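Values in this document were obtained by computation on a predicted structure and should not be read as measured data.
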Amino acid sequence: MIKALSSPILLASIAVMMLTGCADSSRQDTAELSTLVLARTSEPEWLNPVAGHQHPDADVALFRGLFRLVEDNRLVPDMARDWSVSEDGLVYTIHLRPDVRWHDGAPFTAQDVRFTIETILDPRNHSGLRPQLKEIDRVEVVDDLTVRIVLSTPLSSLPIKLKVGIVPRHALEGKDFNTDPFSHEAPIGTGPFRFVSRKRGEYFLYEANPDYYGGRPKVDRLIYKFLPDPNVRLIQLIKGEIDVTRLNPKDVAAVRNNPDIEVRVLDSADFRVMMFNMNFPLFQDVRVRRAIQYATDRQALVDGALLGYGVPAYGPLQMMELSSPDLPVFDDDLQAAEALLHEAGWRPGADGVLVKDGERFSFPLVAAANDAVRQDLATLLAAQLRRVGIEVRVQVKDWKAFTINEEPAVIIGGGYADDADGNLYRYFSSRVGSEGTNFANYRNERVDQLLEDARNALDPQERECIYRALQHELVMDPPFNFLVYQQHIYGVRKEWSGFKPRLVGHGTTPLWNVEEWTRAGAARTVDLPEPGPDDDDFDAHDGEHGHDHDHEHGHTHDGDAH
């Protein structure tokens, strides 16, 4: 069976591309090659894991970090062999695996680790990771396989941060990190797959890395197709033109009884919220924000927008062990909402919309054009708030048409299953400046200090107490109106095995263990459109102003890994 990835005039068989490229010579018989095709909702701007603003699982197929998460979300060494930390929490000594090589054959060493971290910390480079590692004072190379990271103040979550993909010093040193082709069309990693080619707006093509330190992948080729339209993704999944895709709740009925497709549903820490922009005068009164919390019927949002595939959301760490058991709940209490609004000076106008000092309580709420769930959440929430006299004007916009922190209110998402600091610091600290993702322009001195204290706390019990206090403060003085935690729904062709469930987060790819996936049945040929002469002429500044990265980092849509 031939899978047509698109319908351009020029078609070139992958078999030709692989035989003329750098395919593993031991597996060049294309009749035996297995190809896994994954749909993404969008095309990532950056292929460099430390450049831009990538998801935590941006592309583990190409790049690997010092640590990784396994099925139960435990953090384990990856390219690290073992590690230790000094008693004061300021010095991490990490020993590296000796059997790791870059895709171009060069050995992986401690110099690469130092280069990667120093590159992230260099303000001249385009990296959204810099605020996460600001406590690093210096990185010392002890020997080829030992690196020492010295902190200015303790950073208890440092090992989790070091999941970030490491980049090769020999390929990037002395070059302009922001514009070098490495970041867009010629990445070199240590992961289980090697980059082969890209067709702008259509696909990435990877091939198995025979020298991968974890053993050669069982999949010969990996293709990411960029399909922003959920209907197209669904149709191609049913036809067998793609093998794995994220499904919207409304799509499930179309494939639930399909004998060739398995529907996999995963619990997640991936929240959806309505962001309050604190620069917008309407939201500067905390009574107004609390009233909106009270006027929100979250279970109705779960039932209506998610069709039951999720749970009501009340705070940022709800799905983690650090979740506070006594978190205040503001939910579906219209009387409480009306009392707060009245206390804040709002009175019903002639048409039922609240008025204060001649101003109507009316604001726009933006939802992404490529995300039906966000649109449904916005529409349902607008109807709920109208019950207490608040007029919400839902605006559906393409990510390229707006900047999040300039809109009064936006339906955004985020949330990781493994990193409490990652869930809170980037969103709510006012100390990270323009490099952070504090879209709400939120400023709370107590929250700022608690966030710093939590990062620096070495005692787990002390850290847990701080995070509980933080959750309470973020509900009482809310930058977000938490709406739902959505389950992640995937459609997977049944000939594939390797899908392993785990508690996932925002941007988590179902291929986090891609090297373990296998295909049963006969191999097939997949034809791809031949990359044109302009496909490698990439403008490194496309999307620079926040439109081609994921929104959780201040820039675009989620879906790099979907």
Test your reading of the model: is there a side-chain donor-acceptor pair from [X] to the backbone of [Y], 3.5 Å cut-off?
X	Y	answer
R246	A39	no
T245	R233	no
N438	S429	yes
H103	G189	yes
S34	R519	no
R272	I411	no
H488	R264	no
Q375	A368	yes
R74	V70	no
D78	L66	no

State plainly whether the residues [X] and [Y] are in salt-bridge range, i.e. N to O under 4.0 Å.
X	Y	result
K161	D421	yes
K400	D398	no
R138	E118	no
R194	E207	yes
R493	D243	no
D418	K163	yes
E516	K218	no

Close side-chain approach of [X] and [Y], heavy atoms under 4.5 Å:
X	Y	value
V50	F177	yes
I166	F108	yes
M320	N423	yes
L237	I261	yes
L234	L247	yes
E135	L133	no
M319	Y416	no
E262	W496	no

Subject >> ring pair (Phe, Tyr, Trp, His ring centres under 6.0 Å) assessment of W46 paired with H184 >> reply: CA-CA 5 Å; W46 299 84; H184 309 287; 4.7 Å; yes
Output the distance between atom [atom1] ([X]) and atom [atom2] ([Y]), rounded to the nearest 0.5 Å.
X	Y	atom1	atom2	answer
K134	L151	NZ	CG	11.0 Å
L158	F67	CG	CZ	8.0 Å
T153	L90	OG1	CG	7.5 Å
L155	Y92	CG	OH	6.5 Å
I94	R148	CD1	CZ	11.5 Å
D59	L47	CG	CG	7.5 Å

Original post:
side-chain contact (heavy atoms from CB on, under 4.5 Å) between F439 and T437: does it pass, once the steps are laid out?
Top reply: CA-CA 5 Å; F439 308 133; T437 51; 3.7 Å; yes
Residue pair [X] / [Y]: nearest heavy atoms and the distance that separates them:
X	Y	value
A80	P77	O-CB, 3.2 Å
P107	R101	CD-NH2, 3.8 Å
P501	L266	CB-CD2, 3.4 Å
L38	P510	CD1-CG, 4.2 Å
I136	I117	CD1-CG2, 3.7 Å
G505	D270	C-CB, 4.2 Å

Original post:
For D176, what residues pass the salt bridge (charged side-chain N to carboxylate O under 4.0 Å, His left out) criterion, not counting sequence neighbours?
Top reply: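 In terms of salt bridge (charged side-chain N to carboxylate O under 4.0 Å, His left out), with neighbours along the sequence ignored, D176 is linked to no residue.
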Whether the [X] and [Y] side chains hold a donor-acceptor pair (N or O, under 3.5 Å, no angle test) is what I'd like checked.
X	Y	result
D143	T146	yes
S183	N48	yes
N178	H126	no

**OP:** For the pair R64 and Y212, evaluate side-chain hydrogen bond (donor to acceptor under 3.5 Å, both in side chains) and give the outcome as yes or no after the intermediate values.
**Re:** CA-CA 11 Å; R64 290 296 168 107; Y212 175 54; 3.1 Å; yes
Original post:
For the residue pair F204 and Y206, does the interplanar ring angle fall in the parallel (under 30°), tilted (30 to 60°) or perpendicular (over 60°) class?
Top reply: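 Rings of F204 and Y206: parallel, under 30°.
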**OP:** Please work out whether the ring planes of F271 and Y485 are parallel, tilted or perpendicular, with thresholds of 30° and 60°.
**Re:**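 Aromatic pair F271/Y485 classed perpendicular.
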Original post:
Hey, mind stepping through W517 and V492 against side-chain contact (heavy atoms from CB on, under 4.5 Å) and telling me if it holds?
Top reply: CA-CA 12 Å; W517 281 58; V492 183; 4.1 Å; yes
Original post:
For the rings on F499 and Y490, is their centre-to-centre separation under 6.0 Å?
Top reply: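 Ring-ring flag for F499/Y490: true, centres closer than 6.0 Å.
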Original post:
Do T190 and W102 pass the side-chain contact (heavy atoms from CB on, under 4.5 Å) test, and can you show the C-alpha distance, the side-chain angles, and the key distance before you say yes or no?
Top reply: CA-CA 5 Å; T190 58; W102 294 100; 3.3 Å; yes
Original post:
Hey, mind stepping through K397 and E407 against salt bridge (Lys or Arg N to Asp or Glu O under 4.0 Å) and telling me if it holds?
Top reply: CA-CA 11 Å; K397 295 184 180 181; E407 296 289 340; 3.1 Å; yes
Subject >> Six-ring centre of F226, R40 cation under 6.0 angstrom, axis tolerance 45° >> reply: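 Not satisfied by the 6.0 Å and 45° rule.
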**OP:** Show your reasoning for whether side-chain hydrogen bond (donor to acceptor under 3.5 Å, both in side chains) applies to D144 and T109.
**Re:** CA-CA 5 Å; D144 280 352; T109 73; 5.2 Å; no
**OP:** Under the side-chain contact (heavy atoms from CB on, under 4.5 Å) rule, what do L222 and V514 come out as? Steps first, then yes or no, please.
**Re:** CA-CA 9 Å; L222 179 61; V514 63; 4.1 Å; yes
**OP:** Report the residue from Q236, E43, E202 that forms a side-chain hydrogen bond (donor to acceptor under 3.5 Å, both in side chains) with K225.
**Re:**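 So the option named by the test is Q236.
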**OP:** Please identify each residue that fulfils ring-ring contact (aromatic ring centres under 6.0 Å, His included) with Y425, with sequence neighbours left out.
**Re:**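 If we apply the ring-ring contact (aromatic ring centres under 6.0 Å, His included) test to Y425, skipping adjacent residues, there are no hits.
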